[in-house]
Trainee: 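One structure, pasted below without further comment.
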Amino acid sequence: MKIAQLLLTWYEDFKRDLPWRRNKDPYRIWVSEIMLQQTRVEAVKPYFDRWMERFPDLKSLAEAEEEEVVRYWQGLGYYSRARNLLQGVREVNQSYGGQVPQTKEEVIGLAGVGDYTAGAILSIAYNKKEPAIDGNVLRVFSRLFCVEEDISSPAAKKNIKQLVADEMSEEQPGDFNQALMDLGSSICIPKTPRCALCPLADCCYAKRNGKEGQLPVKKKKAPPKAVRLIAGVIRQGEFYLLHQRPNKGLLAGMWEFPTVEIKEDGDPMDIFRQGIHKKTGQVIELERLLLQCTHIFSHRQWDISFHYCIVAPDRIVPNDEGLKWVNRRDWEKLSFAGPHRKMEKYLAEKNSQEIWQAFE
DNA sequence: AAGGCGGGGTC
DNA sequence: GACCCAGCCTT
């Protein structure tokens, strides 16, 4: 029996009930695919539902402010996805009359839409016969056909894309692509595949050769870099000093408590004072240090040791571009960088009274 | 071809 | 603690 038929039969019985599978609205498919880039289904679900409540259709998103759009992405990571999605949606709204285009060249030309996402949108929303090669499909097919190349290499992706194209269902390309992803996430999983439950076990070359546990081959990632940071929770009355990160790079455009990197050895507080001094032009009285706490954040790329200093300086005049005094009540309008979001919640729980009481 | 870009779940 | 996830963009 053909792979496509076995797969689709299995999919009919075991497909997941997901919010973005309720209908074939291209806009909804598009949003879901962007959110799902490098992000697990369970993490996306609540974000997708909130998103559709606020931006139910393409036009409502196209007319929204970027600041609000990014706020709805806060905590999901890879924030350029939100900005690219907004840009792409505005493009469709203006250049395509609000209708998501139906050709590969047009869709892939939209901001934030690459080869995979274009294939997913076209196959799922319009039932076009386009492959959608993601991590799941690479893993499944590297096993099915015993592809021993490093699947992160463009050459391997090209080869597997051809194999997928050869096996694709003519009538249900969208279901075929989604079935592959469901299979990859529940059966053909990274470490020890559950071959006993797999509808394709009989036609899997890796299993036939006893190599299902060794595939796919994937090059190792570089180890994370260690970084020491120190951040200041700096208050004057009801206002806190916050910093908006630059528009490019890590956590682009997100807000944070003013942060200084500790590069050399020495007293962290001393380095903090000097660094903040450069940003503010004013000296912080360290005698007014209220609380110091340390968080460790592990990350794929960064191993961050984070010191927080809660201080109450005499007088600070911001002279750094992104520095701004923000009323505590206005925080909900800002998008905080990950670690600082947790600190913000911590402050909200402790509430100002307990923390600042010693000073008043 | 390589590296940057988040955050969280799983084993 | 290592690994990985419905990838894309820049250099």
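No hydrogens, no waters, no symmetry mates; every other heavy atom, side chains included, goes into these values.
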Trainee: Give A:R245 one of three labels, base, sugar-phosphate or nothing, depending on what nucleic acid heavy atoms sit under 4.0 Å from its own.
Mentor: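 Contact class for A:R245: none.
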Trainee: Across the strands shown, which category fits A:L18 at heavy-atom distances under 4.0 angstrom: base, sugar-phosphate, nothing?
Mentor: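 Counting heavy atoms under 4.0 Å across all strands, the contact made by A:L18 includes a base.
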Trainee: Rounded to whole Å, how long is the line connecting atom OH of A:Y116 with atom P of C:dC8?
Mentor: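 These atoms are roughly 8 Å apart.
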Trainee: Hey, which sits more toward the 5' end of DNA chain B by its nearest nucleotide, A:R40 or A:K248?
Mentor: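 Result: A:K248.
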Trainee: What I want to check is whether an N or O donor and acceptor connect the side chain of A:R139 with the base of C:dA6 at under 3.5 Å.
Mentor: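 By the distance-only test, no, there is no pair.
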Trainee: For the side chain of A:N136, counting heavy atoms from C-beta on, which of B:dG8, C:dA6, C:dC9 is nearest?
Mentor: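 Between B:dG8, C:dA6, C:dC9, the one nearest the side chain of A:N136 would be C:dA6.
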Trainee: Can you check the A:D115 CG to C:dA6 C1' distance for me, whole Å?
Mentor: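 Value for this atom pair: 13 Å.
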Trainee: Output the rounded distance in Å from CD (A:Q87) to P (C:dC8).
Mentor: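 Going from CD in A:Q87 over to P in C:dC8 covers 15 Å.
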Trainee: Would you classify A:V44 as touching base, sugar-phosphate or nothing, given that sugar-phosphate means primed atoms plus P, OP1 and OP2, and contacts are heavy atoms under 4.0 Å?
Mentor: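 Nothing, no nucleic acid heavy atom in range.
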Trainee: Counting distance alone, no hydrogens or angles: does the base of B:dG8 have a donor or acceptor under 3.5 Å from a partner atom on the side chain of A:T39?
Mentor: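 No such pair is found, so the answer is no.
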Trainee: What residues from residues 153-188 of chain A pass a heavy-atom cutoff of under 4.0 Å to DNA chain C?
Mentor: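 Residues of residues 153-188 of chain A that come under 4.0 Å of DNA chain C are, in numerical order, A:M181.
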Trainee: How far, in whole Å, is C:dA6 from B:dC11 if one measures between their P atoms?
Mentor: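 Rounded to whole Å, the distance is 13 Å.
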Trainee: Does the distance from a Lys or Arg side-chain N to an Asp or Glu carboxylate O, for A:E238 and A:R329, drop under 4.0 Å?
Mentor: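 Yes, this pair counts.
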Trainee: Between C:dA6 atom P and A:I189 atom CD1, what is the distance in whole Å?
Mentor: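 Those two atoms, CD1 and P, are 12 Å apart.
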Trainee: Please figure out whether A:L110 or A:K219 has its closest DNA chain C nucleotide nearer the 5' end.
Mentor: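 Per heavy-atom nearest nucleotide, the more 5' residue is A:K219.
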Trainee: When you compare the side chains of A:R21 and A:S32, does any donor N or O come within less than 3.5 Å of an acceptor on the partner?
Mentor: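 Looking only at side-chain atoms, A:S32 and A:R21 do not form any donor-acceptor pair under 3.5 Å.
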Trainee: Compute both the distance and the angle, then confirm whether A:R208 meets the cation-pi test with A:Y205: under 6.0 Å from the six-membered ring centre, within 45 degrees of the axis.
Mentor: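 Ring-cation test returns yes.
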Trainee: A:W73 near the nucleic acid: base, sugar-phosphate alone, or nothing, with a heavy-atom cut-off under 4.0 Å?
Mentor: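 Touches nothing.
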Trainee: Check whether the side chains of A:D134 and A:N136 place a donor and an acceptor atom closer than 3.5 Å, and report yes or no.
Mentor: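 Yes - a donor-acceptor pair under 3.5 Å links their side chains.
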Trainee: Tell me whether A:E66 is salt-bridged to A:R83, with the criterion being a basic N under 4.0 Å from an acidic carboxylate O.
Mentor: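 Yes, A:E66 and A:R83 are salt-bridged.
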Trainee: Can you pull out every salt bridge (charged side-chain N to carboxylate O under 4.0 Å, His left out) where at least one residue sits in residues 191-206 of chain A? Sequence neighbours excluded, please.
Mentor: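 Every candidate salt bridge (charged side-chain N to carboxylate O under 4.0 Å, His left out) pair involving residues 191-206 of chain A fails, so no pair, neighbours aside, qualifies.
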Trainee: Is a side-chain donor-acceptor pair under 3.5 Å present for A:D166 with A:Q162?
Mentor: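 Looking only at side-chain atoms, A:D166 and A:Q162 do form a donor-acceptor pair, the distance falling under 3.5 Å.
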Trainee: If the P atom of B:dG8 is compared with that of C:dC9, how far apart are they to the nearest Å?
Mentor: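 Here B:dG8 and C:dC9 have their P atoms 24 Å from each other.
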Trainee: Take A:L76 and A:T192, find for each the nucleotide of DNA chain B with the closest heavy atom, and name the residue whose nucleotide sits nearer the 5' end.
Mentor: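 Between the two, 5'-proximity favours A:L76.
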Trainee: Using whole Å, report how far CG of A:L138 lies from P of C:dC5.
Mentor: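 Going from A:L138 (CG) to C:dC5 (P), I get 9 Å.
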Trainee: In whole Å, I'd like the distance from the CG atom of A:L250 to the C1' atom of C:dC9.
Mentor: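 For the pair A:L250 CG and C:dC9 C1', the rounded distance is 15 Å.
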Trainee: Please determine, by modelled atom types, if A:Y11 and A:Q172 share a side-chain donor-acceptor pair under 3.5 angstrom.
Mentor: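 No, no side-chain donor-acceptor contact under 3.5 Å.
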Trainee: Using the side-chain heavy atoms of A:W20, tell me which of these nucleotides is nearest: B:dG8, C:dA6, C:dC9.
Mentor: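 Of the options given, the side chain of A:W20 lies nearest C:dA6.
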Trainee: Which whole-number value in Å describes the distance from A:E42 CD to B:dG9 C1'?
Mentor: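 It is 10 Å, rounded to the nearest whole Å.
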Trainee: Answer yes when A:K333 and A:E67 have at least one side-chain N-carboxylate O distance shorter than 4.0 Å, and no when they do not.
Mentor: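 No, A:K333 and A:E67 are not salt-bridged.
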Trainee: Report which part of the nucleic acid A:A111 touches: base, sugar-phosphate, or nothing (heavy-atom distance under 4.0 Å, all strands).
Mentor: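 Contact class for A:A111: sugar-phosphate only.
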Trainee: Please report the distance separating the C1' of C:dC4 from the corresponding atom of B:dG6, rounded so that it comes out in whole Å.
Mentor: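 It comes out at 13 Å once rounded to the nearest Å.
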Trainee: Counting side-chain heavy atoms from CB outward, which of B:dG7, C:dC8, C:dC5 is closest to A:Y79?
Mentor: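 It is B:dG7.
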Trainee: Which part of the nucleic acid, if any, lies within contact of A:L251, taking any heavy atom under 4.0 Å across all strands shown: a base, the sugar-phosphate backbone alone, or nothing?
Mentor: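 Contact class for A:L251: sugar-phosphate only.
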Trainee: Any side-chain N or O of A:Q38 below 4.0 angstrom from OP1/OP2 of C:dC5?
Mentor: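 For A:Q38, the contact criterion (side-chain N or O under 4.0 Å from OP1 or OP2 of C:dC5) is not met.
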Trainee: If I take atom CD1 in residue A:I34 and atom P in nucleotide B:dC5, what distance separates them, rounded to the nearest angstrom?
Mentor: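 About 19 Å, once rounded to whole Å.
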Trainee: When you compare C:dC5 with B:dC5, how far apart are their C1' atoms, in angstrom units rounded to a whole number?
Mentor: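 One C1' to the other, the span is 14 Å.
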